There are 2 protein chains.
Amino acid sequence: MARITGSNGARTAAAIRDAARGLIYRHGYAAMNLRDLAAEVGIRPGSLYNHITTKQGLLFDLMSEHMTSLLAETDAALAAAGPEPMARLRAFIAHHLLYHFERRQEVYIANSELRALDPPNHARILTMRRDYEGRLIALLEAGAAAGELEITDSRITAYAILAMLTGVCTWYRPGGRCSKEELVALHTALVLDGIRRGNRGEAGGDR
Amino acid sequence: MARITGSNGARTAAAIRDAARGLIYRHGYAAMNLRDLAAEVGIRPGSLYNHITTKQGLLFDLMSEHMTSLLAETDAALAAAGPEPMARLRAFIAHHLLYHFERRQEVYIANSELRALDPPNHARILTMRRDYEGRLIALLEAGAAAGELEITDSRITAYAILAMLTGVCTWYRPGGRCSKEELVALHTALVLDGIRRGNRGEAGGDR
DNA sequence: CTTGAAAACGAACATACGTTAGTTTTCAGA
DNA sequence: TCTGAAAACTAACGTATGTTCGTTTTCAAG
C-alpha cells in the first residue's frame with residue numbers, strides 16, 4: 001500500500017498545520033515530536049516531509065502566517081475606525097482582544113516560541129512583532145499629541161498594555177463566565193482609564 | 001580519577017540549580033538537556049544524579065522553591081504595609097515588580113513551564129499559584145468594600161493586572177532606560193488609575 | 001587510623017527523535 | 001489510455017537524550 005485513495009496534498013498540508021498548532025500550543029515546540037504530529041494527522045512520520053521542509057520550517061511558517069494576518073487585520077480595523085485617535089485606540093484594543101479570543105493558539109505560539117526559532121527566522125518574526133508594537137505606540141503618541149492621553153513613556157506603556165491584553169489568552173475559554181463583549185469593555189476601561197489625561201490620582205508615586 | 005579534591009555537595013547542588021535556571025530560562029525545559037547542564041556546572045552528566053532525582057524533579061524543585069519564597073515575601077510586604085487596603089494594594093504592586101526585576105528567571109520559568117510538570121507536580125504548583133492570585137483578589141475586594149475601588153469582576157481584573165505586571169520580566173533588563181523605581185511608579189499609576197472609584201470615563205463601553 | 005558515606009568518574013543502555021531513501025500507488029493532464 | 005508528478009508507505013540511519021551502573025577517590029566521624 002502506498003498513496004492512499006482520496007489523498008489530497010492541500011488538505012493534508014492544512015491538517016498538518018492544524019494539528020501542529022494544537023500540539024505546540026499544548027506542549028511547546030521542543031516537546032512536540034513529529035511522530036505524534038503524524039499520528040494525529042493520520043499519516044506516517046516520513047510522509048510529513050511531502051508537506052513541510054523541516055520541523056523548524058513548520059514552526060516558522062505557522063508564526064509567519066499568523067503575524068502577517070494579525071498585521072493585515074489590525075490595519076483593516078484601524079482603517080475602519082477613521083482618523084480620530086481615541087476611536088482608533090479603542091478599535092485597536094477591541095480588535096486585539098477579539099483576534100486573541102479567536103486565535104488563541106497562534107497568538108500563544110507566536111509569543112512563547114520566539115526562542116525556538118533559529119537566528120534568521122527569529123529576526124524575521126521579530127521584525128513583524130516590532131511592526132505590531134509600533135502600531136500601538138503610534139496610537140498612544142497620537143492620543144498624547146491630541147491632548148487626550150497622558151503618556152510617560154510610550155514604548156513601555158505599549159508593552160504594559162500589550163502584556164495585559166495578550167494575557168487574556170492564557171486563561172480565556174469560550175463559554176466562560178464573561179462574554180467576549182464584556183471582556184472587551186472591561187479591558188478597554190482598564191486601559192483607557194489608566195492613561196487618559198486628567199485621570200491621574202495620587203497614585204503616581206509609591207511613597 | 002573519581003571524586004574531585006575540594007568537591008562539596010551543597011555547593012554543587014546550588015551550582016546545578018543556578019545553571020538550570022539559566023538554561024531553562026533561555027531555552028525552555030524541554031529544550032534543555034542534562035549534558036549541557038552538567039557541562040556548565042563542570043561535572044559529568046551522570047554526576048548530576050548525586051544531587052537531583054530526575055530532570056522533572058529538578059524543574060519541580062526550582063518552581064516550588066520560587067513559589068514558596070514569592071508567597072512568603074509577599075506576605076511580609078503586605079504585613080509591613082499595615083491594614084489600609086490601598087496601601088496594601090500599592091505594596092503588592094511594588095513588591096511584585098521588584099521581586100520580578102530581581103528574579104526574572106524564576107518568574108519566567110514558573111509562568112511558562114507549568115505545562116512541563118507531570119500531573120502531580122502540576123497540581124501542587126497550581127495550588128501555590130492560586131494562592132498568590134488569591135492575595136491580589138482579596139486586596140481588590142477589600143478596596144472595593146472600602147469604597148475606594150470600582151471592580152467589575154475581581155478575578156478577571158486580577159488576571160489582567162498580573163498579566164501586565166508580570167509582562168515586565170519579558171523585556172526588563174537591568175540598566176535599561178527606566179529605573180526600577182520609575183517602572184514601579186508607572187505601573188502603579190496605570191493599575192490604580194484603571195480601577196479607582198470615580199475614575200470611569202466614557203471608556204466603559206466600546207460602542 | 002580506620003571506615004563508611006559522599007561525590008565524582010567513565011562507560012554504556014535503551015529509547016526517542018528528526019530526517020532520508022527507496023518504493024508503491026493514485027491522480028490528473030495530454 | 002498513457003505517463004509523470006504527487007503523496008503515501010516501509011524501513012532505517014545517525015544522533016541526542018535521560019538515566020543507570022560499577023568504580024574510584026575524597027571527606028569526615030569515631
Side-chain angles (χ1 to χ4, degrees), chain A residues 1-24 26-63 113 115-121, chain B residues 1-24 26-63 113 115-121:
Chain A
M1 194 176 301
R3 180 169 178 175
I4 258 57
T5 308
S7 67
N8 173 296
R11 191 187 333 130
T12 303
I16 290 172
R17 290 204 303 278
D18 284 350
R21 264 189 288 269
L23 286 170
I24 297 175
R26 289 199 301 278
H27 308 301
Y29 170 78
M32 173 195 74
N33 71 76
L34 297 184
R35 280 169 177 79
D36 286 348
L37 175 59
E40 192 153 309
V41 175
I43 61 178
R44 300 280 157 165
S47 304
L48 289 171
Y49 287 82
N50 287 315
H51 308 278
I52 68 174
T53 57
T54 60
K55 188 188 178 191
Q56 169 73 206
L58 171 61
L59 176 64
F60 174 74
D61 285 348
L62 289 177
M63 292 180 69
E113 299 295 357
R115 64 182 168 192
L117 293 169
D118 58 26
N121 289 340
Chain B
M1 193 177 298
R3 179 170 180 174
I4 258 60
T5 308
S7 68
N8 173 297
R11 191 187 333 130
T12 303
I16 290 172
R17 291 205 302 278
D18 284 351
R21 264 190 288 268
L23 286 171
I24 298 176
R26 289 199 301 278
H27 308 300
Y29 170 77
M32 172 195 75
N33 70 75
L34 297 184
R35 279 170 177 76
D36 286 349
L37 175 59
E40 193 153 309
V41 176
I43 59 179
R44 301 281 158 167
S47 304
L48 290 171
Y49 287 82
N50 287 316
H51 306 278
I52 68 174
T53 57
T54 60
K55 188 188 178 192
Q56 168 73 207
L58 171 61
L59 175 64
F60 174 74
D61 286 348
L62 289 177
M63 293 181 69
E113 298 295 357
R115 62 183 169 192
L117 293 168
D118 58 25
N121 288 341

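Predicted, not measured: the structure shown is a model, and the values here were computed from it. Order of the sequence lines fixes the chain letters, A, B, ..., with proteins taken first and strands second; residue numbering starts at 1 for each chain.
Atom CG in A/Leu59 sits about 13 Å away from atom P in C/dG18, given to the nearest Å. For the pair A/Leu58 CG and C/dG18 C1', the computed distance is 13 Å after rounding to whole Å. Here D/dA16 presents its C1' atom at 16 Å from CG of B/Leu37, a figure rounded to the nearest Å.
Of the possible polar contacts, none joining the B/Tyr29 side chain to the B/Arg115 backbone as a donor-acceptor pair under 3.5 Å is found.
The salt bridge (Lys or Arg N to Asp or Glu O under 4.0 Å) search around B/Asp18 returns B/Arg21, not counting sequence neighbours. Partners of B/Pro119 according to the side chain to side chain contact (heavy atoms under 4.5 Å, CB included) rule, which considers only residues two or more places apart in sequence or in another chain, do not exist here. Not a single side chain to side chain donor-acceptor pair (under 3.5 Å) links A/Asp61 to another residue, sequence neighbours left out. Take A/Ala31 and apply the side chain to side chain contact (heavy atoms under 4.5 Å, CB included) test, not counting sequence neighbours, and it matches A/His27, B/Ala30.
In the helix from C/dC1-D/dG30 to C/dA30-D/dT1, the terminal helix axes, each the rotation mapping four pairs' C1' atoms onto the next four within five end pairs, subtend 20°, rounded to 10°.
Identified under the side chain to side chain donor-acceptor pair (under 3.5 Å) test for residues 42-54 of chain B, with sequence neighbours left out: none. Under the side chain to side chain donor-acceptor pair (under 3.5 Å) criterion, the residue pairs touching residues 30-43 of chain B are B/Asn33-B/Asp36, with sequence neighbours excluded.
Of all the heavy atoms in A/Leu48 and A/Leu34, the pair that sits closest is CD1-O, 3.4 Å.
Using a 4.5 Å cut-off on side-chain heavy atoms (C-beta onward), A/Arg17 and A/Leu58 make contact.
At a threshold of 4.0 angstrom between heavy atoms, the contacts of B/Arg44 are confined to the sugar-phosphate backbone, with no base atom among them.
Taking 3.5 Å as the limit, the base of D/dA6 and the side chain of A/Asn50 contain no donor-acceptor pair of atoms between them.
At D/dA7, none of the side-chain N or O atoms of A/Thr12 fall inside 4.0 Å of OP1 or OP2 (strictly under the cut-off). Taking 4.0 angstrom as the limit, A/His51 places a side-chain polar atom (N or O) nearer than this to OP1 or OP2 of D/dA8. For the pair A/Ser47 and D/dA7, the criterion of a side-chain N or O lying under 4.0 Å from OP1 or OP2 is not met.
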Protein-nucleotides 17-19 of chain D N/O pairs under 3.5 Å:
from: D/dT17; atom 1: OP1; to: B/Asn33; atom 2: ND2; distance (Å): 3.2
from: D/dG18; atom 1: OP1; to: B/Met32; atom 2: O; distance (Å): 3.2
from: D/dG18; atom 1: OP1; to: B/Lys55; atom 2: NZ; distance (Å): 2.9
from: D/dG18; atom 1: OP2; to: B/Leu34; atom 2: N; distance (Å): 2.7
from: D/dG18; atom 1: N7; to: B/Arg35; atom 2: NH1; distance (Å): 2.8
from: D/dG18; atom 1: O6; to: B/Arg35; atom 2: NH2; distance (Å): 2.8
from: D/dT19; atom 1: OP2; to: B/Tyr49; atom 2: OH; distance (Å): 2.6
from: D/dT19; atom 1: OP2; to: B/Lys55; atom 2: N; distance (Å): 2.9
from: D/dT19; atom 1: O5'; to: B/Tyr49; atom 2: OH; distance (Å): 2.9

